[in-house]
2 protein chains.
Amino acid sequence: MRLSKRGEYGLRAMIMLAGSARENEPLPVVQIKEISQREQISSKFLEQILLTLKNAGLLHSKMGVGGGYYLARPASEITLGQIFRVLDGPVAPIKCVSQMAYEPCGCPDEQTCGLRLVMGDVRNAIVDILDHTSLEDVAKRREAVRQSLGLASL
Amino acid sequence: MRLSKRGEYGLRAMIMLAGSARENEPLPVVQIKEISQREQISSKFLEQILLTLKNAGLLHSKMGVGGGYYLARPASEITLGQIFRVLDGPVAPIKCVSQMAYEPCGCPDEQTCGLRLVMGDVRNAIVDILDHTSLEDVAKRREAVRQSLGLASL
DNA sequence: TGAAAGTCTACTAATTCCATAGACTTTATA
DNA sequence: TATAAAGTCTATGGAATTAGTAGACTTTCA
């Protein structure tokens, strides 16, 4: 039940971009190099990941001097589920319960397959979290933890 | 977030064994060949899986003529989580939130890592289901679905 | 004693994962 | 307008994992 490095790095990068947004300021444009340094990710690998996210419409970019990446939409409108699916594919643990990529599994009778019933629950539980957690939610939550630990805001 | 074939087949086999138990009768002993036919699984592959489950203490076996596999404990005392972990390893999507196999991930500050907070929730949601669903629960639930579909009991 | 069952270990083909490399395009600015 | 700074795109490669096969071995019962 593992999140891939692609998924991990992509989510971390998006969370970082959302976290460096300041109120009443334009969305910050951040370079690959800076993200890769702050998050300790191979910049060449990250490059691919950000490009994928861009082609999926979750990031925008600016080329050339002073360029970089920035969120395609406000952080409140991008969910972790969207990011996850772009990088790691369907959320469902088994294809026969996938909404996005249904395929029958080999069980004799799908309607009464016990495994399918339970894995459907698992899928729903994961989707509930990932699709209802926006980048803004993550940023707020992290901020709350920081506060409770008595740390400064950055 | 995928369940492997190993995990799928193993869970299906265990569920089948639990489902073929009859009240007030000894736990049925079922041969690999029969399981593999009923569940459409390569019998050589299934053999390995059942052996792993046996070595983990979830199954018992009888060698020789009339032999086969049977549950090591009553179906109510074996959870899907136990089976899953034997075959597919830790449930957590990322090691830094794993109870069974914790390892730090590369994030700059683990305590305030937003991804870690959310993946902790995901882990808990999955564990809640898998560790609180026994083979007996699955059998009962399947039976309920059968009833509601107006099907016979086997 | 022989057939029916599980046990155990090794092997392999295919796929996926985690990158790395390098040539290319776009843009700001000196 | 040249140049450096940034993203774009495609190919390649090693390592690990996955899903299975093969085959020799052991145990048990009739």
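We name chains A, B, ... by the order of the sequence lines, and we start the count at 1 in each one.
Using a 4.0 Å cut-off between charged nitrogen and carboxylate oxygen, A/Lys44 and A/Glu47 count as a salt-bridge pair. With salt bridges taken as basic N to acidic carboxylate O contacts below 4.0 Å, one links B/Arg141 and A/Asp121. Between B/Arg85 and B/Asp131 there is a salt bridge, since a side-chain N of the basic residue sits under 4.0 Å from a carboxylate O of the acidic one. Taking the charged nitrogens against the carboxylate oxygens, B/Arg2 and B/Asp88 have no contact shorter than 4.0 Å, which rules out a salt bridge.
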Identify each donor-acceptor pair in which a side-chain atom of residues 51-59 of chain B lies under 3.5 Å from a protein atom, sequence neighbours left out, and give them as a table.
unit_1: B/Thr52; atom_1: OG1; unit_2: B/Gln48; atom_2: O; d: 2.9
unit_1: B/Lys54; atom_1: NZ; unit_2: B/Ser61; atom_2: OG; d: 3.4
unit_1: B/Asn55; atom_1: ND2; unit_2: B/Leu51; atom_2: O; d: 3.4

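Counting only heavy atoms from C-beta outward, the side chains of B/Pro28 and B/Ser20 approach each other to under 4.5 Å.
In this structure, OH on B/Tyr9 lies 9.5 Å from CG on B/Leu46, to the nearest 0.5 angstrom.
With a 3.5 Å limit on both pairing distances and Watson-Crick or G-U wobble geometry required, the stems of 3 or more pairs in DNA chain C span C:1-30 with D:1-30.
Nucleotides of DNA chain D that come within less than 4.0 Å of any heavy atom of chain B span, from the 5' end to the 3' end, D/dA19 to D/dC29.
Between B/Gly19 and B/Arg142, the shortest heavy-atom contact is CA-NH2, 3.7 Å. The minimum heavy-atom distance linking A/Met119 with B/Leu130 is given by the pair CE-CD2, 4.2 Å. Heavy-atom minimum distance, B/Lys5 versus B/Phe45: CB-CE2, 4.3 Å.
Side chains of A/Arg73 and A/Gln82: a donor on one and an acceptor on the other come within 3.5 Å.
Within residues 57-68 of chain B, the residues that place at least one heavy atom under 4.0 Å from DNA chain C are, in residue-number order, B/Ser61, B/Lys62, B/Met63, B/Gly64, B/Val65, B/Gly67, B/Gly68. Within residues 39-55 of chain A, the residues having any heavy atom closer than 4.0 Å to DNA chain C are, in order of number, A/Ser42, A/Lys44, A/Phe45, A/Glu47, A/Gln48.
For A/Ser98, there are no side chain to side chain donor-acceptor pair (under 3.5 Å) partners, not counting sequence neighbours.
Rounded to an integer number of Å, the gap from A/Gln31 CD to C/dT27 C1' is 13 Å. In this structure, the NZ atom of B/Lys5 is 15 Å from the C1' atom of C/dA14, given to the nearest Å.
Looking at B/Arg116, its side chain never comes within 3.5 Å of a backbone N or O of B/Val97 through a donor-acceptor pair.
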